[in-house]
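Only heavy atoms go into these numbers, but all of them, side chains included; no hydrogens, no water, no symmetry mates. Nothing fancy with the numbering, it's 1 onward along the sequence. Values in this document were obtained by computation on a predicted structure and should not be read as measured data.
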Amino acid sequence: QVQLVETGGGLVQAGSSLRLSCTASGRTVSTSTMGWFRQAPGKEREFEAAISWRAGNTYYANPVKGRFTISRDNAKNTVYLQIDSLKPEDTAVYYCAASRPYRLGMTPGRADDYDVWGQGTQVTVSS
């Protein structure tokens, strides 16, 4: 059974940083494209960042470029999302997702291209 577990969320002040972790079991993160999405109250789930399995290419939503950094630790089978200069509008539940292993031709920003999701971790940014 494949599981993704996100940790690292919490209540933080604007301007601070957080590192979210997504640890996989039953699947190797280096063989899947891994993505981070978030869902704010009353809004749809939105793509934030992804890292491809093939060459480790990274992809970011335009609004978060320069503040969000996705990375992968193959030895720990974990993907990270570093968020700097947090803003109140970053408040959301953050979800980790994994594609099928060795999947080609996917669109990293499209939620339907991922087949496994974590339960999410809440990030709340106070002003």
Side-chain angles (χ1 to χ4, degrees):
Q1 183 180 2
V2 180
Q3 274 193 318
L4 303 176
V5 178
E6 303 99 330
T7 57
L11 174 62
V12 296
Q13 287 192 329
S16 61
S17 297
L18 267 183
R19 189 177 77 161
L20 307 181
S21 300
C22 170
T23 300
S25 58
R27 183 164 298 177
T28 304
V29 299
S30 61
T31 64
S32 293
T33 291
M34 302 295 296
W36 283 96
F37 292 73
R38 70 184 180 186
Q39 187 167 18
K43 295 188 176 181
E44 294 187 353
R45 192 170 299 190
E46 297 180 335
F47 167 75
E48 304 304 326
I51 184 166
S52 70
W53 63 268
R54 197 167 194 179
N57 296 323
T58 56
Y59 307 87
Y60 296 95
N62 285 335
V64 304
K65 283 181 180 177
R67 290 198 305 121
F68 285 27
T69 304
I70 189 170
S71 62
R72 185 176 66 202
D73 186 332
N74 295 338
K76 295 183 178 179
N77 210 31
T78 297
V79 175
Y80 302 100
L81 184 68
Q82 176 74 31
I83 309 175
D84 297 321
S85 303
L86 278 154
K87 305 175 182 180
E89 50 265 43
D90 293 323
T91 296
V93 178
Y94 284 72
Y95 297 92
C96 174
S99 73
R100 284 186 292 105
Y102 307 112
R103 177 169 179 171
L104 298 175
M106 68 174 286
T107 301
R110 188 165 63 189
D112 287 347
D113 282 3
Y114 296 87
D115 73 323
V116 180
W117 291 80
Q119 83 291 344
T121 185
Q122 175 72 47
V123 173
T124 303
V125 185
S126 63
S127 58

I'd like to know if the side chain of [X] and the backbone of [Y] have a donor-acceptor N/O pair within less than 3.5 Å.
X	Y	result
R67	S85	yes
T91	V125	yes
Y95	G35	no
N77	A24	yes

Short N-O contact, D115 and R103, less than 4.0 angstrom
no
Could you label the plane-to-plane angle of the F47 and F37 rings as parallel, tilted or perpendicular, counting under 30° as parallel and over 60° as perpendicular?
perpendicular
Quick one: pull up [atom1] in [X] and [atom2] in [Y] and give me the separation to the nearest 0.5 Å.
X	Y	atom1	atom2	value
Q122	Q39	CD	CD	10.5 Å
C96	Q119	SG	CD	9.5 Å
I70	Y60	CD1	OH	6.5 Å
M34	Y80	CE	OH	12.0 Å
L81	R19	CG	CZ	10.5 Å

Nearest heavy-atom approach of G26 to V2 is O-CG2, 3.5 Å
